Amino acid sequence: MRLETKHVLSVAQFDRRFLLALFDRADEFAALPPREIAPVARGAIMATLFYEPSTRTRLSFEAAMTRLGGSVISAEYAASTSSAAKGESIEDTARVVAGYADLVVIRHPVAGSVARAASVVDIPVINAGDGANEHPTQALIDLYTIWRECGRIDGLTIALVGDLRFGRAARSLARLLTQTVGTKLYLVAPPVTRMDALLVEELRSAGLQVEETGDLEAIAPELDVLYQTRIQRERFSDPEEYAAACGRFVIDERLMQALARHAIVLHPLPRVGEIDPAIDSDPRAAYFRQARNGVPLRMALIEWVLAPHPVGMLSTNGHRHA
Ligand code: ASP
Ligand code: CP
């Protein structure tokens, strides 16, 4: 029997049925005391290769793997301490790491590089962020958090705010929202970080009702979810352009007054000024709960990735890398 290698490269590979099953499983993990978690990853090794800084993604993947009874080997500063610094290609590094581990999680500054790594190995590769392209597991956490906090994923009014040009988390979430029904999506960005027209068109043709606006205060009362993002300084070649994008939309107490009582504020984090810490104690500020959700969601994902799956039986929408 031939088995499928289950890479996680883009949110495009997930369908609605898979997402809801994953969220149910993540909820089960979240509810279990650690000692009662079945060690489904016992004997397995996860390698984490991070060519860009990270707090949440790397540590929550490592925590998730550890909670499942598995082990972790890590190149935390892969750009400077792995042989990438000597000029080794991502493909060669992946081929070598595939001999040491059963699963590899990669963050890299170049869009498409994680998919390149996945194309040369037969162990699962998980994209932990590739340049300004995608951050699929963050989007899974975001939609899982929406599901938990709002009780549903359909019929919601959601605003994505901030850097919709370079922000891979927001871009992946926007794509993932095409799996929901009756969603109204507002895109709120300074002129230099607007979402590219091609992606906006992709979202519209997939059935999302998308509206671009520069007036966050005006739409705030309509929102169920306000998803704020950081302006991605590391992706700008022109510091003046970066400065022009900063400080335009800040979530503060005044904005919170305009927001409905049931609404939630999300942010993939880290934040650097776009959310006033004064609102942290507001129950609608859900971003630290969102970060915590990273562990159970990634446990559910690791369990799915490691479970043997015969070719043709994947419950995702057919994205294959056999
Ligand atoms: N941590 C997220 C990412 O790596 C968001 C951010 O850095 O602003 O994409
Ligand atoms: N949300 C997120 O990806 O955080 P890190 O960059 O700290 O991993």
Side-chain angles (χ1 to χ4, degrees), residues 8-11 26 46-65 72 74-79 104-115 126-146 160-176 188-190 192-193 195-196 199 225-236 242 245-251 264-275 277 285-299 301-302:
V8 176
L9 299 176
S10 161
V11 291
M46 179 172 79
T48 52
L49 291 179
F50 276 64
Y51 296 85
E52 280 190 336
S54 169
T55 297
R56 279 146 290 273
T57 310
R58 189 175 64 80
L59 291 177
S60 63
F61 260 116
E62 296 186 1
M65 186 64 176
V72 175
S74 186
E76 186 181 344
Y77 307 105
V104 59
V105 180
I106 304 176
R107 169 170 288 185
H108 198 280
V110 179
S113 55
V114 182
I126 298 183
N127 181 1
D130 62 324
N133 182 37
E134 280 242 25
H135 193 349
T137 66
Q138 179 64 48
L140 292 174
I141 293 163
D142 300 339
L143 194 58
Y144 172 53
T145 303
I146 290 171
L160 302 182
V161 184
D163 192 341
L164 310 183
R165 175 183 174 196
F166 298 122
R168 56 195 174 197
R171 292 167 54 84
S172 279
L173 177 57
R175 282 204 170 104
L176 196 61
V188 188
V192 286
T193 58
M195 186 177 279
D196 63 274
L199 180 52
V225 179
L226 193 171
Y227 188 95
Q228 173 67 305
T229 63
R230 176 179 69 92
I231 306 297
Q232 308 280 295
R233 185 170 51 144
E234 63 275 33
R235 311 264 179 246
F236 284 80
Y242 169 70
C246 280
R248 175 76 181 73
F249 300 106
V250 175
I251 315 301
I264 54 167
V265 179
L266 300 180
H267 190 309
L269 302 177
R271 65 173 163 189
V272 288
E274 63 278 354
I275 294 183
Y287 29 90
F288 291 118
R289 298 196 290 276
Q290 175 187 5
R292 196 170 314 124
N293 288 340
V295 175
L297 188 285
R298 287 181 167 126
M299 288 169 76
L301 195 67
I302 292 168

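When reading the values below, keep in mind they use all heavy atoms of this one structure, side chains included, and skip hydrogens, waters and symmetry mates. Whatever order the structure lists ligands and atoms in, that order sets their numbers, starting from 1. All of these numbers come straight from a predicted model, not from anything done at the bench.
- Thr145 and Arg289 share no side-chain donor-acceptor pair at under 3.5 Å.
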Intermediate values then yes/no, side-chain contact (heavy atoms from CB on, under 4.5 Å), Leu266 and Ile146: CA-CA 9 Å; Leu266 300 180; Ile146 290 171; 3.7 Å; yes

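- Within ligand 2, the atoms closer than 4.0 Å to a non-hydrogen atom of Gln138 are 1 (N), 2 (C), 3 (O), numbered from 1 in the order shown.
- Atom 2 (C) of ligand 2 has as its closest protein heavy atom Thr57 OG1, 3.4 Å.
- Taking both residues in full, the closest heavy atoms of Leu164 and Val188 are given as CD1-N, 3.8 Å, listed atom of the first, atom of the second, then distance.
- In summary, the atoms of ligand 1 found under 4.0 Å from a heavy atom of Arg107, numbered by their order in the structure, are 4 (O).
- Of the protein's non-hydrogen atoms, the one nearest atom 4 (O) of ligand 2 is Arg56 NE, 2.9 Å.
- Judged by the 6.0 Å distance and 45° axis criteria, Arg107 is not positioned over the aromatic ring of Phe50.
- For ligand 1, the polar-atom distance check against Gln232 finds a nitrogen or oxygen pair separated by under 3.5 Å.
- If you number the atoms of ligand 2 from 1 as listed, the ones under 4.0 Å from a heavy atom of Leu269 come out as 1 (N), 2 (C), 4 (O).
- One option in Glu52, Arg230, Arg168 has a heavy atom closer to atom 6 (C) of ligand 1 than any other, and that option is Arg230.
- Distances below 4.0 Å separate heavy atoms of Pro270 from the following atoms of ligand 1: 1 (N), 6 (C), 7 (O).
- A salt bridge (Lys or Arg N to Asp or Glu O under 4.0 Å) check over residues 46-57, counting only residues at least two apart or in different chains, returns the pairs Glu52-Arg168, Glu52-Arg235.
- The minimum heavy-atom distance between Tyr227 and Ala169, with the atom names listed, is OH-CB, 3.6 Å.
- Any N or O atom pair closer than 3.5 Å counts here, and Arg58 shares no such pair with ligand 2.
- Of the protein's non-hydrogen atoms, Arg107 NH1, 2.9 Å is the one closest to atom 6 (O) of ligand 2.
- The minimum heavy-atom distance linking Ala189 with Phe249 is given by the pair C-CE1, 3.6 Å.
- The shortest contact between atom 1 (N) of ligand 2 and any protein heavy atom is with Pro268 O, 2.8 Å.
- Between Val110 and Asp130, the closest heavy-atom pair is O-CB, 3.7 Å.
- Within ligand 2, counting atoms from 1 as listed, the ones closer than 4.0 Å to a heavy atom of Thr55 are 5 (P), 7 (O), 8 (O).
- Residue Tyr77 places its OH atom among 12 or fewer non-hydrogen atoms of other residues, nucleotides or ligands, all under 6.0 Å distant.
- Shortest contact from atom 2 (C) of ligand 1 to any protein heavy atom: Leu269 O, 3.7 Å.
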